[in-house]
Amino acid sequence: MSEEGRDRFEIPKEMRSMAEASFEQARKAFEKFVAGAQQTAGSIEERGATVRAGAKDVSTKAISNAEKNVQASLDYAQSLLHAKDLSEVMRLHSEYVQAQMRALAEQASEMGQVVSRAAIDAAKPKS
């Protein structure tokens with residue numbers, strides 16, 4: 001194989017489609033998660049200082065999660081730039097998808113806890 005052939009390789013359409021589908025699935029799951037969190041934060045925000053504190057916690061957590069996910073995506077893209085061959089691209093993609101699925105599950109759980117605490121605090125009778 002020529003020098004140029006080793007440095008450049010084509011990703012098969014099927015693999016690219018699989019990667020794009022996985023990425024879209026992760027993006028949609030996160031967007032749905034953030035939309036739900038924002039909707040919850042917006043609906044409970046009217047309950048006063050306690051609710052504002054809860055909404056702030058939800059917003060802070062959502063922003064933190066978004067930052068982590070964007071950073072993971074950027075790190076993944078950078079690692080792809082340094083891939084030496086197709087098998088390394090496949091390994092990197094598999095690792096990225098698995099890590100993102102774990103991260104999204106963890107983030108959804110954490111967000112659920114933050115939203116639940118905020119809702120419980122908002123529902124408490126005022127003293």
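- Ile63 pairs by the side chain to side chain contact (heavy atoms under 4.5 Å, CB included) definition with Glu67, not counting sequence neighbours.
- Under the 4.5 angstrom side-chain criterion for Ile, Leu, Val, Met, Phe, Trp and Tyr, Leu81 has no cluster partners at all.
- Thr60 places a side-chain N or O within donor-acceptor distance of the main-chain N or O of Lys56, the cut-off being under 3.5 Å.
- With sequence neighbours excluded, no residue forms a side-chain hydrogen bond (donor to acceptor under 3.5 Å, both in side chains) with Glu14.
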Could you list the donor-acceptor pairs under 3.5 angstrom formed by side chains in residues 92-99, with sequence neighbours left out?
from  : atom 1 : to    : atom 2 : distance (Å)
His93 : ND1    : Tyr76 : OH     : 3.0
Ser94 : OG     : Gln98 : NE2    : 3.3
Glu95 : OE1    : Arg91 : NH1    : 3.2
Glu95 : OE2    : Arg91 : NH1    : 3.0
Tyr96 : OH     : Ser73 : OG     : 2.8

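- The line from NZ of Lys32 to CG of Leu104 is 13.0 Å long, rounded to the nearest 0.5 Å.
- Shown here are the side-chain hydrogen bond (donor to acceptor under 3.5 Å, both in side chains) partners of Asn69, two or more places apart in sequence or in another chain: Gln100, Gln107.
- For the side chain to side chain donor-acceptor pair (under 3.5 Å) condition, the pairs that include at least one residue of residues 109-120, sequence neighbours left out, are Lys61-Glu110.
- For Lys84 against Glu88, the heavy-atom pair with the smallest separation is N-OE1, 2.8 Å.
- Identified under the ring-ring contact (aromatic ring centres under 6.0 Å, His included) test for residues 53-73, with sequence neighbours left out: none.
- Residue pairs meeting the ring-ring contact (aromatic ring centres under 6.0 Å, His included) criterion with at least one member in residues 97-121: none, sequence neighbours excluded.
- Under the 4.5 angstrom side-chain criterion for Ile, Leu, Val, Met, Phe, Trp and Tyr, the cluster partners of Leu74 are Val70.
- Considering all non-hydrogen atoms of both residues, Asn65 and Met111 come closest at ND2-CE, 4.2 Å.
- Glu106 meets the salt bridge (Lys or Arg N to Asp or Glu O under 4.0 Å) test with no other residue; sequence neighbours excluded.
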